[in-house]
Every structure is written in structure tokens, then in C-alpha cells.
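Just so you know, these numbers come straight off a predicted model, no measurement behind them.
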Amino acid sequence: MSQQPVFAVVGHPNKGKSSVVATLSQNDAIAIALEPGTTRARQAYPLSVDGQQLYTLVDTPGFQRPRRVLQWLEAHSLSASDHPETVRAFVIQHQADDRYVDECELLAPIIEGAGIIYVVDGSVPYSAEHEAEMTILRWTGRPSLALINSIGDDDYSDTWQAALGQFFQVVRKFDAVRAPFTQHLSLLKAFGQLEPDWEQTLARATDLLAQQRQQRRHQAAGLIARALEDMMAYQEKRTLTLDQVASISDASLAETLRDRWYRHQRQREQTLRVNIEHLYQHQRIQRQEAELEWANQHDLFSEDTRKHWAVSKKYLAGAGFGAGAVGGAGIDAATFGTSLGTGALVGGLIGAAGSYFYGDRLLLPALNIGPLKDGLKSATFGPVQDSQFGYVVLGRAVDHWWHISHRNHAGRDLLELEPADQHWLERLDKHSRREIQKAFDRCRKQKSLSHQQRQNLATAIEHAMTVYDDWRLNRP
């Protein structure tokens, strides 16, 4: 296999170099600051998939004295044929020179064999300083591409495009914070075309990254499925002695168990979110959401919350019919077909009717206090009795996943989660609807899901994620 590619990300100070490195290396720990000089020494960031290192990004300081450097190079060069060696000589001679410490840091990985990613801010005009920088980089003779990363509101992209095209083999606009994943792969493919020694390695890298993205979606669906199973089936339990039974009313006991049940559900949802974020290598996200208060009018079971994330009665009836019909089909099978499908029909109707009327309200879990036995009483709160709860959790989970999966690692803004304004799940295929509804019904009845049922639920959720992705990207 060809040597692993190394890319030195270079340019003017504070023009988005570190953002490009963070996004292309999938590393949100890289410091990104508005103040110039944040990066004072080169730092290598390798990107690996399944333990296989694909390439390395090198974050570098910005040019400080490009015109002085170019003057030195021109004064020590005899012809174009010695340009790369002249740059090498400059670095060797000035490594201990405080005047050129930044230039030596950024040129060192290039003379050692790195490709060049030159980053400019398309919102500021082109200048003589930039031309000196580009000339120096061209002297190195290394494969190179330029990225126009506009930071401000003004747009000088056309001027930049014309200027950069004279110095670099490939010029692209690239917003490190918002560029879609397909653009990441496109950059790697472009570099592979510039350097034949890297073509095979980078083609393999783009394949692995595309597979990783699919695998992450699959794993995220599994994480959401497990969280839904946990939250739908969760029951808060407490065992009371006789003295405790005498000292607490049923109302107080219900309140205590309910608070603990709410706290558990909230924590479980937060755990799911952290797991999804870590799956996509986001370790430092600050999250801001329309926080749902669990004990007032914005309660997770409230009408206000339900209208944002729960499904319609029509949807519930359809999903309930399908789930019920599957159960009724067992009767038909047991009668060796003599029921002529009556079991499936009756099961479907019962399921549809139950879901239809059930979906018109949000039911809180009930408090159950068992009989006194061996001097002890047990009390339980939960599981949830309303399958709409599952759709609320599902909607919030898929929305969070969507934001995380589309978020670049250069993003430092707060992650804002807001309720949906229409129901995307209406577009889900009937089979997936039935699988989700069946799982919800079993969980709220505290019936364990089999391995196959868990797989079916995860697959249905993955389909729901695809539906949400399409709805989110194409909604008006």
C-alpha cells in the first residue's frame, strides 16, 4: 500500500485552518479561537477508522513575514529547479530564528513530504501578503489545493478563485463548520488525483469513511432501540416495612415513586444522547434544548409535548391494526387455517381500536401497592401505559441524532434542539410502523423482546431515521 498521506493545513493567521483540521480529522478537541496566534507549533492529528490510520492532518501556525521569506528565497535561488531545496535551506537555517519561527513550523511538514491545504478567508480581499504566501508554497513543489473558507459577510470569492487558480491545482469553497460529509470525501478524492502515490490510499480512505458513516447510523438505531425498550418497560419499585406503610400515605408514596421514575427516564434519555454524541466522536458538545419540564404543563406526557412529537390517532390506528393482526395471525395458525383469517382480522381490529382510543389521551403510570407479605409491602410505579410516550421519546431521539450526524467537528455553537412542527413519521412504511408499535406494546406490558424483535425494532428505527433525514432536508 502507498505511504499514508499527510496534509499540512497552512495559511494566514486566524483564517480557519484549525476548523478545517477539526472537521477533516473528526476531532472536536482542537482549539478554535478568534485571536490570532492560537496555534504556535505544528500539531499532527491522525484520523483512524477501526484502528486503521487513514491520513494525518497537521495544524500549523499562520504566516507572519511571508514577503521577507520570499525575498530570502529569491536571493538564494539560481533557477526554478532549486526552489524546493531553497525552501528546505531556509527552514534549516532559520529554525532557531525567532523572526521566522512560525514560517519554519508551517514549512517543516511540507519539506518532509506533506501535501498542502491552503486556507483563505473569502470575505477579505486578496493582498500582496497572500501572493507571497502562495508563491512560497508553490516553490515547495508539493501537491496542493486551496480552500476558500468565508468567515465574514463580504464576498471576494471570485477574486480569490482567479488568483488561487494560478497557484494551486484544485480550488474549492469549503465551509469547515457547515460543509456536508460528501464535501469531505470530495476533498480526499481531489487530493488522490493530485498525487498518484496517494490515489489508492485515499480511495480506500473515502470508502472506509463512507462505510463508517453507514455503520454509525446503524449503531445509532440500535442505541435508540435499547433506550426505548428500557424507558417503555421501566418500573420504579419500593419495598415498605409495616412502620413505613403506617408513616406514609398512598399519595405521598405515589409522588415519591413518580419523581424517581421521572428522574430515571430523564437520565436514560440523557445517557442515550451522550452515547450518540460519542459514537460520532463529539465529546464536548454544549446542548441547549427546549427543555421539557417533567412536573408541570410541559410534562413529557402533557398535551403540549404530545402535539410536537406524538403521532396522530389515524397513525396509531394503522400501526395498531398491523400489530394486532400479527397477533391474531397466531390464532389462524393454531387452527391450521380453519379460521379463514378471522384471527388476524379480529386481532387487527382490536389493536386498531385500542390504539385509536388509547392515543387520544396520555396516561400516567399507575401506583400499585401489593398485599402485606412477611411483614413487607411492595409498591410499584410504571411501566408507562401509553405508547405515545414511545413516539415522543423516539422523535426526540431521532431529532438529536440528526443534528449530531450532520454536525462537523469544527462546530462550536450550542446544539439547539427544537420540537418538530409537523409529523414526519407519517411517511414511514407500514411494516416499520407495525414493528415499532408491536415493540412498544410488548414493552409497556413488560414482555421482553426477543433477539429478533429487537433487531426488527432497530431496523424500523433506522428506516425512521432515513424518513426524518429526508423530511428535514426537504421541508419548506
Side-chain angles (χ1 to χ4, degrees), residues 22-23 25-29 47-50 177-178 180-181 184 208-234 263-292 294 300 305 308-309 389-420 424-425 428 432 435-436 439-440 443 449 454-473:
T23 289
S25 65
Q26 300 186 9
N27 188 335
D28 67 353
L47 177 66
S48 299
V49 173
D50 295 333
V177 176
R178 299 175 183 80
F181 180 69
H184 307 181
L208 287 174
L209 287 171
Q211 292 170 19
Q212 180 193 56
R213 190 163 182 80
Q214 284 299 113
Q215 183 65 19
R216 282 176 172 172
R217 175 190 285 251
H218 181 70
Q219 291 175 303
L223 290 172
I224 294 172
R226 284 196 289 277
L228 279 168
E229 186 178 351
D230 292 345
M231 295 175 74
M232 289 294 291
Y234 183 70
R263 186 164 56 251
H264 169 88
Q265 302 288 37
R266 177 186 290 171
Q267 289 173 346
R268 185 64 183 87
E269 186 184 53
Q270 293 300 316
T271 298
L272 169 63
R273 291 184 174 177
V274 171
N275 289 341
I276 295 286
E277 289 162 11
H278 288 184
L279 176 64
Y280 284 86
Q281 294 183 216
H282 287 288
Q283 311 288 339
R284 294 168 175 78
I285 282 183
Q286 292 180 291
R287 200 181 310 116
Q288 176 175 297
E289 57 191 304
E291 193 67 50
L292 297 175
W294 288 56
L300 186 58
T305 301
H308 288 305
W309 292 111
F389 174 74
Y391 290 106
V392 171
V393 175
L394 173 62
R396 286 161 57 88
V398 171
D399 179 65
H400 172 258
W401 159 82
W402 188 88
H403 281 89
I404 295 301
S405 65
H406 286 78
R407 184 182 178 90
N408 286 338
H409 291 75
R412 297 295 189 269
D413 53 327
L414 289 174
L415 176 64
E416 295 189 13
L417 303 176
E418 299 177 356
W424 54 280
L425 206 55
L428 187 63
S432 297
E435 293 299 334
I436 292 172
F440 286 175
C443 290
L449 298 184
R454 288 194 176 99
Q455 292 292 324
N456 293 344
L457 175 60
T459 300
I461 290 172
E462 198 166 353
H463 291 165
M465 292 158 76
T466 301
V467 168
Y468 188 85
D469 193 36
D470 180 68
W471 171 78
R472 189 88 195 192
L473 293 174

* Structure fact -> Exactly one candidate in T271, I461, L279 meets side chain to side chain contact (heavy atoms under 4.5 Å, CB included) with L223; the answer is L279
* Do you know the tightest heavy-atom contact between V49 and L209? -> CG2-CD2, 3.9 Å
* **Spacing of CZ belonging to R273 relative to NE2 belonging to H403, to within rounding of 0.5 Å** => 10.5 Å
* Compare all side-chain heavy atoms of V392 with those of R396 and state whether any distance is below 4.5 angstrom. => yes
* D50 atom CG: more than 12 heavy-atom contacts under 6.0 Å -> no
* **Interatomic distance, E277 atom CD to L272 atom CG [nearest 0.5 angstrom]** => 9.5 Å
* Less than 6.0 Å separating the ring centroids of Y391 and F440? -> yes
* Quick one: do F389 and Q265 satisfy side-chain contact (heavy atoms from CB on, under 4.5 Å)? Show the steps, please. => CA-CA 11 Å; F389 174 74; Q265 302 288 37; 3.9 Å; yes
* Which atoms form the tightest heavy-atom contact between A221 and A458, and what is the distance? -> CB-O, 3.5 Å
* Structure fact -> What one should report as the nearest heavy-atom pair of V467 and W424 is CG1-O, 3.4 Å
* Side chains of H184 and N408: does their closest heavy-atom pair fall under 4.5 Å? -> yes
* To do: Evaluate the criterion side-chain contact (heavy atoms from CB on, under 4.5 Å) for residue pair I285 and I404; output intermediate values, then yes/no.
  => CA-CA 9 Å; I285 282 183; I404 295 301; 3.2 Å; yes
* Begin with the C-alpha distance, continue with both residues' side-chain angles, and end with the deciding distance and a verdict on side chain to side chain donor-acceptor pair (under 3.5 Å) for R217 and Q212. => CA-CA 9 Å; R217 175 190 285 251; Q212 180 193 56; over 6 Å; no
* To do: Measure the shortest side-chain to side-chain distance between H400 and I276 over non-hydrogen atoms and say whether it is less than 4.5 angstrom.
  => yes
* **Full working for side-chain contact (heavy atoms from CB on, under 4.5 Å) between L457 and E435** => CA-CA 6 Å; L457 175 60; E435 293 299 334; 6.0 Å; no
* To do: Identify the two heavy atoms, one from R268 and one from A227, that lie closest to each other, and give their separation to 0.1 Å.
  => NH2-CA, 3.3 Å
* Asked: How about L425 and L394: do any of their side-chain heavy atoms sit closer than 4.5 Å?
  -> yes
* **Shortest non-hydrogen contact from L428 toward A460** => CD1-O, 4.3 Å
* Asked: Between CG of D469 and OG of S405, what distance do you get to the nearest 0.5 Å?
  -> 6.5 Å
* To do: Indicate yes or no: does D28 engage R407 in a salt bridge with an N to O separation below 4.0 Å.
  => no
* Verdict with supporting geometry, Q283 and H409, side-chain contact (heavy atoms from CB on, under 4.5 Å) -> CA-CA 10 Å; Q283 311 288 339; H409 291 75; over 6 Å; no
* Given side chains that start at C-beta, do those of Y234 and H264 come closer than 4.5 Å, heavy atoms only? -> yes
* Asked: More than 12 foreign heavy atoms under 6.0 Å from NE2 of H218: is that the case here?
  -> no
* For the pair Y468 and W401, evaluate side chain to side chain donor-acceptor pair (under 3.5 Å) and give the outcome as yes or no after the intermediate values. => CA-CA 10 Å; Y468 188 85; W401 159 82; over 6 Å; no
* Asked: Can Q26 and H282 be said to form a side chain to side chain donor-acceptor pair (under 3.5 Å), step by step?
  -> CA-CA 8 Å; Q26 300 186 9; H282 287 288; over 6 Å; no
* Can you find a heavy atom in the side chain of N27 that is under 4.5 Å from one in the side chain of Q281? -> no
* Which atom names give the shortest non-hydrogen contact between L228 and G390, and what distance separates them? -> CD2-O, 3.4 Å
* Asked: So do Q286 and D413 actually touch side chain to side chain, heavy atoms under 4.5 Å?
  -> no
* Rounded distance [0.5 Å steps], CD1 in I224 versus CD in E462 -> 10.0 Å
* Structure fact -> Between the CD atom in E269 and the CG atom in D230, the distance rounded to the nearest 0.5 Å is 13.0 Å
* To do: Side-chain contact test, heavy atoms from C-beta onward, threshold under 4.5 Å: evaluate it for R412 versus V177 and give yes or no.
  => no
